[in-house]
Amino acid sequence: MSRFAMVIDTRRCVGCYDCVVACKTENGVPEGYSRDWITEEVHGAFPTLQMEIRSERCNHCDNPPCVSCCPTGASHVHEPGGVVLVTHDKCIGCKACLAACPYNARFIHPDGYADKCTFCIHRVERGLDPACVSVCPTHCMHFGDLDDPQSEVSQLLNSRPHHALLPEAGTKPCIFYLT
Ligand code: SF4
Ligand code: SF4
Ligand code: SF4
């Protein structure tokens, strides 16, 4: 089996939005919507403040509430890789998955179905990196298989401190931020 994941180095991210623009172009994301976004978070107290800049998107959770709540099976886990996807013509636009996602990663596409990051599975299945990963000018984003101990993502997680978002939600996210 494989378990796709992203590892993002917050020390290298400069918040340039190239990943956001690349995603919009690659995936034809309509005007006014985004599958990925930049979050800036300040930690500490003056004068020892630290800012973390993160490129965020659907976490392709291992325990995805957006899938278990979907009444039609439109939201599903795609194997191999464990990528969470939406089958457009099965989606009735009920928004249950939007309410269930603690990361606010989904939106209703103007054509009526729930949309979000697909981990660019159409590229990954051709042996390419996701569009956002491939354009990052600081190379802070890494994509690969967590089930392969030799993969770059596995080795980065073994060698660097990291965190995932909202672990307390119990969703088991597959995007990790190096700190
Ligand atoms: Fe579902 Fe949200 Fe997790 Fe993505 S981040 S798999 S939309 S719960
Ligand atoms: Fe499922 Fe679509 Fe409803 Fe989301 S909006 S829960 S994908 S039917
Ligand atoms: Fe967009 Fe693809 Fe990156 Fe997801 S993996 S944010 S769909 S470019």
Side-chain angles (χ1 to χ4, degrees), residues 3-9 13 15-31 33-39 54-79 81-146 153 163-177:
R3 183 171 159 245
F4 292 139
M6 245 183 224
V7 174
I8 302 176
D9 191 342
C13 177
C16 67
Y17 280 82
D18 277 7
C19 50
V20 176
V21 173
C23 178
K24 280 180 176 285
T25 308
E26 173 74 23
N27 296 298
V29 180
E31 197 59 38
Y33 299 87
S34 255
R35 289 183 175 186
D36 57 349
W37 60 94
I38 302 293
T39 296
R54 294 191 301 261
S55 173
E56 296 185 6
R57 60 197 46 63
C58 167
N59 285 277
H60 296 277
C61 306
D62 274 348
N63 183 26
C66 56
V67 170
S68 50
C69 77
C70 177
T72 68
S75 278
H76 65 282
V77 178
H78 177 79
E79 299 292 357
V83 177
V84 175
L85 297 177
V86 179
T87 306
H88 298 173
D89 58 6
K90 277 191 177 177
C91 176
I92 55 173
C94 70
K95 301 187 184 171
C97 55
L98 275 70
C101 173
Y103 306 96
N104 222 0
R106 292 176 170 238
F107 57 90
I108 297 293
H109 190 281
D111 289 344
Y113 56 83
D115 198 19
K116 64 170 196 68
C117 165
T118 59
F119 260 0
C120 278
I121 193 71
H122 64 290
R123 289 174 57 94
V124 170
E125 288 182 340
R126 294 189 344 244
L128 301 170
D129 268 336
C132 53
V133 172
S134 71
V135 299
C136 176
T138 68
H139 305 292
C140 73
M141 304 170 68
H142 309 267
F143 182 85
D145 180 8
L146 282 187
V153 285
H163 68 100
L165 299 182
L166 298 178
E168 65 276 15
T171 56
K172 299 190 180 162
C174 284
I175 296 185
F176 301 90
Y177 293 93

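Counting convention: from 1, in listed order, for ligands and their atoms alike.
C23 lies close to atom 1 (Fe) of ligand 3, since one of its N, O or S atoms is found at a distance under 2.8 Å.
Of the options F4, F119, F143, the smallest heavy-atom separation from atom 5 (S) of ligand 3 is shown by F119. When H122, R57, H60 are ranked by how near their heavy atoms come to atom 6 (S) of ligand 3, first place goes to R57.
The proximity of P130 to ligand 3, defined as any non-hydrogen pair under 4.0 Å, is limited to the side chain. Proximity of N27 to ligand 3, defined as any heavy-atom pair under 4.0 Å, is confined to the side chain (atoms from C-beta onward). Using a 4.0 Å cut-off between heavy atoms, I92 contacts ligand 2 through both its backbone and its side chain. Contacts between K95 and ligand 2 below 4.0 angstrom, taking non-hydrogen atoms only, involve the backbone exclusively.
Protein heavy atom nearest atom 7 (S) of ligand 2, with residue, atom name and distance: S75 OG, 3.3 Å. With respect to atom 4 (Fe) of ligand 2, the closest heavy atom belonging to the protein is C97 SG, 2.3 Å. Nearest protein heavy-atom contact of atom 2 (Fe) of ligand 2 is C91 SG, 2.3 Å. Atom 3 (Fe) of ligand 2 has C94 SG, 2.3 Å as its closest protein atom, hydrogens excluded (heavy atom only).
Proximity of E26 to ligand 3 is not established, as no heavy-atom distance is less than 4.0 Å.
For ligand 1, the atoms sitting less than 4.0 Å from at least one non-hydrogen atom of P65 are 8 (S), numbered in the order shown with element in parentheses. Atoms of ligand 1 found under 4.0 Å from any heavy atom of K116 (numbered from 1 in listed order, with element): 7 (S).
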